[in-house]
Amino acid sequence: QKSGYKHFMLKEIAEEDESVRNTIQSRISENGKILLDDEISIDKGFIKNIDRITIVACGTSFYAGLTAKPILEKYTGVKVDVEIGSEFRYYNYIYSKNNLFIAISQSGETADTKEPLRMAKEKGIKTLSIVNVKESAIARMADSCIYTLAGPEISVASTKAFVSQLAVLYMLAFYVGQIKGKQIEKKAKMLLSIPKLIKTTFNNTVEAAKKLAEEYHRYKNFLYLGRGLCYPLALEGALKLKEISYIHAEGYPAGEMKHGPIALIDENTPTVVVAHSKEPLYSKSLSNCEEIKSRDGKIILISDKQADIVDETIKMPEVDYELLPFIYVVPLQLFAYYMALFLGYDIDQPRNLAKSVTVE
Ligand code: F6R
């Protein structure tokens, strides 16, 4: 049921705070301990000695993995590879000695994620899945499954599953860190404050995203840029726009702009820049904005800080840098939603797409 919303997609974006709350509340204690022992049956001795994590997924689930990669590396202290399912299955991946394999899937039925999981199991690799649909194939196949408790996601474009996957990946990073004796409690406690912040972000940005979409929905090409934790969000923002509004959008790491995509920029190609003022390379993202401006490109900035050089800003609430993906993705999803709305498309059932891709 759409509960008064025009589309499932908008309803599901509005539910993101609840989805994350349900996913974390019984798994993080008040004093910041991660309570995943019952769900992860993999031996603690193994977890202590993990020397690499390999994440395989497709589409938005892949971007969740890419977003969480630096967080996982920081708190687990091991190298993390994030791989696309359809490539991984035909690639001779060299596992390390104590490799943990993680499959991420909302539906739990994606063929291109399922096959790599089967292959990893066949090689005797320890496997874990992060899945939203109970008792789905990918949930059942892995040695352990940590469910995202996002609730049913009906809209083809994935939204609340993404933030819930992030929540599980962050908890997993902290869990492994905890087993290795790292101080993770402070960050884990901060994660508990995220649902409220997602709600605030939704309320503060929904009208701005709509207004921007009204103004920008006739453009045919968009560039999305970000650095660090904002880079995978640029990819996800561009994917959302492509899927439901059929507008060509490319996501890039901002520093890569000068190596090619800058040639696209003119007054007809707006750029969405995602930048948190506390990120180490914030000033470099602003330099990118100057380069865009000097080529007459329009800029939509998603940031906690206004910048004079840009045309539009979606002002974000203050958030700890490492936790920004949970809230910075919200206006990106809302912008794509309203773009498709103004263009009059079938938002919950975009052309050529299915909710669950069970064929190769
Ligand atoms: C994007 C989208 C797809 C899925 C992808 C993986 O909005 O819906 O890109 O994310 O097909 O699906 P799951 O997560 O079910 O394996």
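Computed from a predicted model, the values in this text were never measured in an experiment. Order of appearance sets the numbers: ligands from 1, and atoms from 1 within every ligand.
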Are any of the side-chain nitrogens in Glu291 or Lys258 under 4.0 Å away from the carboxylate oxygens of its partner? no
Taking atom CD of Glu318 as the centre, does the number of heavy atoms from other residues, nucleotides or ligands within less than 6.0 Å exceed 12? no
Parallel, tilted or perpendicular, as decided by the 30° and 60° cut-offs, for the rings of Tyr75 and Phe174: perpendicular
Steps toward side chain to side chain donor-acceptor pair (under 3.5 Å) verdict (Thr54, Tyr93): CA-CA 10 Å; Thr54 308; Tyr93 187 79; 2.8 Å; yes
Will you find, in the side chains of Asn221 and His248, an N or O donor that is under 3.5 Å from an N or O acceptor? yes
Could you tell me whether the side chains of Ser61 and Gln165 share a donor-acceptor contact shorter than 3.5 Å? yes
Sub-4.0 Å heavy-atom environment of ligand 1, residues by chain: Cys58, Gly59, Thr60, Ser61, Ser105, Gln106, Ser107, Thr110, Val156, Ala157, Ser158, Lys240, Glu243
